[in-house]
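Heads up: the structure comes next, in structure tokens.
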There are 2 protein chains.
Amino acid sequence: MSEPNKLLYYFKKWTDLTEAEEAIIMSVFESVVIKKKNEMLVAGQVCSHLYFITKGCLRSYYIDTKGTEHIYQIRMDNNWISDLESFFSQKPSKYHIETLEDSHLLCITHERMEQLLVEVPRLERYFRILFQKAYVNALNRLNATMWKTAIDRYNDMIQEHPEVFQRVPLVYIASYLGITPESLSRIRRQK
Amino acid sequence: MSEPNKLLYYFKKWTDLTEAEEAIIMSVFESVVIKKKNEMLVAGQVCSHLYFITKGCLRSYYIDTKGTEHIYQIRMDNNWISDLESFFSQKPSKYHIETLEDSHLLCITHERMEQLLVEVPRLERYFRILFQKAYVNALNRLNATMWKTAIDRYNDMIQEHPEVFQRVPLVYIASYLGITPESLSRIRRQK
DNA sequence: CCTATTTCTTACCATAGGTTAAGTGTGCGG
DNA sequence: CCGCACACTTAACCTATGGTAAGAAATAGG
């Protein structure tokens, strides 16, 4: 399956599309391949693109006042990544986005995205469902972070996202779980 | 402004609506007044309605294995509340929803909501933007919970939602901030 | 194949926040 | 206007996780 076709497949899971609409979509997404360790977005910049990952791995993080990185998203194949706040408002981002592997991405600029949603309003439904699910997930993660122990969150992650452990260094996973790499080591030892 | 009109006002901030569409919306939302301390949703039940709060205050929370309540949402005037996961999947909820004040709500059932989104597809845009913003907020809150101190989260909340402190007991605010009431007391003393 | 760098672990002490338990207001229903 | 439930505070002690520093193991590049 070609890459834009993969994207159409996911769109059509949640909304109907005519052939004309599919053609519009194919024309506005640009396919790129990005090398590992590439900074796609740097804090202070406006987030120019929304990315669909057909293959690869990226992380979103921010850097606090002490200069420490804090990862809040790790995304792999067939997922979207961006800083939605900056992308849709076109204001400077607080976050960074970086490739953790060589990655195949489909990208769209803010201008083209807004235009696309007007030309193919049925995509609003797809993104409504996408953001709705993302929101529900974020709330579940928030509750886990507030009220479960680091041990439980680690176990949950092994259950739900075992692939990540195969592809991402533990330092990043520790940060994603909200703990230090040292604490993650301690947790892993005690099992 | 009548209550359903208030809702139309918010819809029209983010999407266009014809008079016919407005009429459909007016007909599917039911207006109710609920007394304080009413359990709108209990864990194990399917979340039957999506609520728009025209006036009042509600909280969402869950009860852990030890029987302790953990609040993750406090919502007031002109906001939506529901358990979206249960509402859209029509599977049993993990959460509770309760009124903290006598509240005026506009409610819609799952069946009517799905129908409404088909009959007035332009509402998909409204909810896409609503969930997108809610998702961005949830991620910001997640980052604050993971990486800021309780003191900073307390100060942020006073800055951003001072109204809540006028209307909601501190026990609930403490839980929302992810700390115990005792810790919140400690923080308030040290200022 | 060897070296440099990255990744991961261990051990120490420090600390934010949880736990428990007791107390002081304060407002509302009878 | 009394009493009781609710809201909030205080204090002493405890624990999970952080910070720091060092070293071991694994991986990548020359």
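By convention in this document, chain letters (A, B, ...) are assigned in the order of the sequence lines, proteins followed by strands, and residues within each chain are numbered from 1.
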Exercise. Are any of the side-chain nitrogens in B:E119 or B:R112 under 4.0 Å away from the carboxylate oxygens of its partner?
Worked result: no
Problem set entry | Output field: ring centroids A:Y10/A:W80 closer than 6.0 Å | no
For this session: Send over the distance from A:I179 CD1 to D:dG18 C1', rounded to a whole Å.
Result: 11 Å
Problem set entry | Short N-O contact, A:D156 and A:K148, less than 4.0 angstrom | yes
Exercise. Mind checking whether B:H96 and B:Y61 have ring centres under 6.0 Å apart?
Worked result: yes
Exercise. To the nearest 0.5 Å, how far apart are CG in B:D83 and OG in B:S48?
Worked result: 11.0 Å
Exercise. Rounded to the nearest Å, what distance is computed from the CG atom of residue A:D64 to the C1' atom of nucleotide D:dG18?
Worked result: 13 Å
Exercise. Are any side-chain N or O atoms of A:S183 and backbone N or O atoms of A:I179, one a donor and one an acceptor, separated by less than 3.5 Å?
Worked result: no
Exercise. Can you tell me how far P of D:dG19 sits from NZ of A:K66, to the nearest Å?
Worked result: 6 Å
Problem set entry | Length of the line joining B:R153:CZ and C:dA16:P, which is rounded to integer Å | 13 Å
Seminar exercise, completed: B:L177 CG to C:dA16 C1', in whole Å, measures 15 Å
Output a table of nitrogen or oxygen pairs between the protein and nucleotides 25-29 of chain C separated by less than 3.5 Å.
none

Problem set entry | Rounded distance (nearest 0.5 Å) linking atom CG of A:N79 with atom OG1 of A:T54 | 11.5 Å
Exercise. Can you list the other members of the hydrophobic cluster that holds B:I34, where links are side-chain heavy atoms under 4.5 angstrom apart?
Worked result: B:V32, B:M40, B:L41, B:Y51, B:I53, B:L58, B:I81, B:I97, B:L105
Exercise. When the aromatic ring centroids of B:H110 and B:F87 are compared, is their separation below 6.0 Å?
Worked result: yes
Problem set entry | With sequence neighbours excluded, residues passing side-chain hydrogen bond (donor to acceptor under 3.5 Å, both in side chains) with A:Y72 | none
Problem set entry | Interatomic distance, B:I173 CD1 vs D:dA7 C1' [rounded to whole Å] | 12 Å
Exercise. Quick one: what's the B/S/- string for nucleotides 25-30 of chain D, heavy-atom cutoff under 4.0 Å, read 5' to 3'?
Worked result: ------
Exercise. Which atom pair, heavy atoms only, marks the closest approach of A:S86 to A:P92?
Worked result: OG-C, 4.1 Å
Problem set entry | Option from A:K36, A:R167, A:K37 for which side chain to side chain donor-acceptor pair (under 3.5 Å) with A:E101 holds | A:R167
Exercise. Are a donor atom and an acceptor atom from the side chains of A:N38 and A:T99 found within less than 3.5 Å of each other?
Worked result: no
Exercise. Along nucleotides 5-12 of chain C, 5' to 3', which nucleotides get a B, which get an S, and which get a -, given that the test is a protein heavy-atom distance under 4.0 Å?
Worked result: --SSBBS-
For this session: Grab the NZ-P distance between A:K148 and D:dT17 for me, whole Å please.
Result: 14 Å
Exercise. Just how large is the angle between the end axes of the helix from C:dC1-D:dG30 to C:dG30-D:dC1, five pairs per end, to 10 degrees?
Worked result: 50°
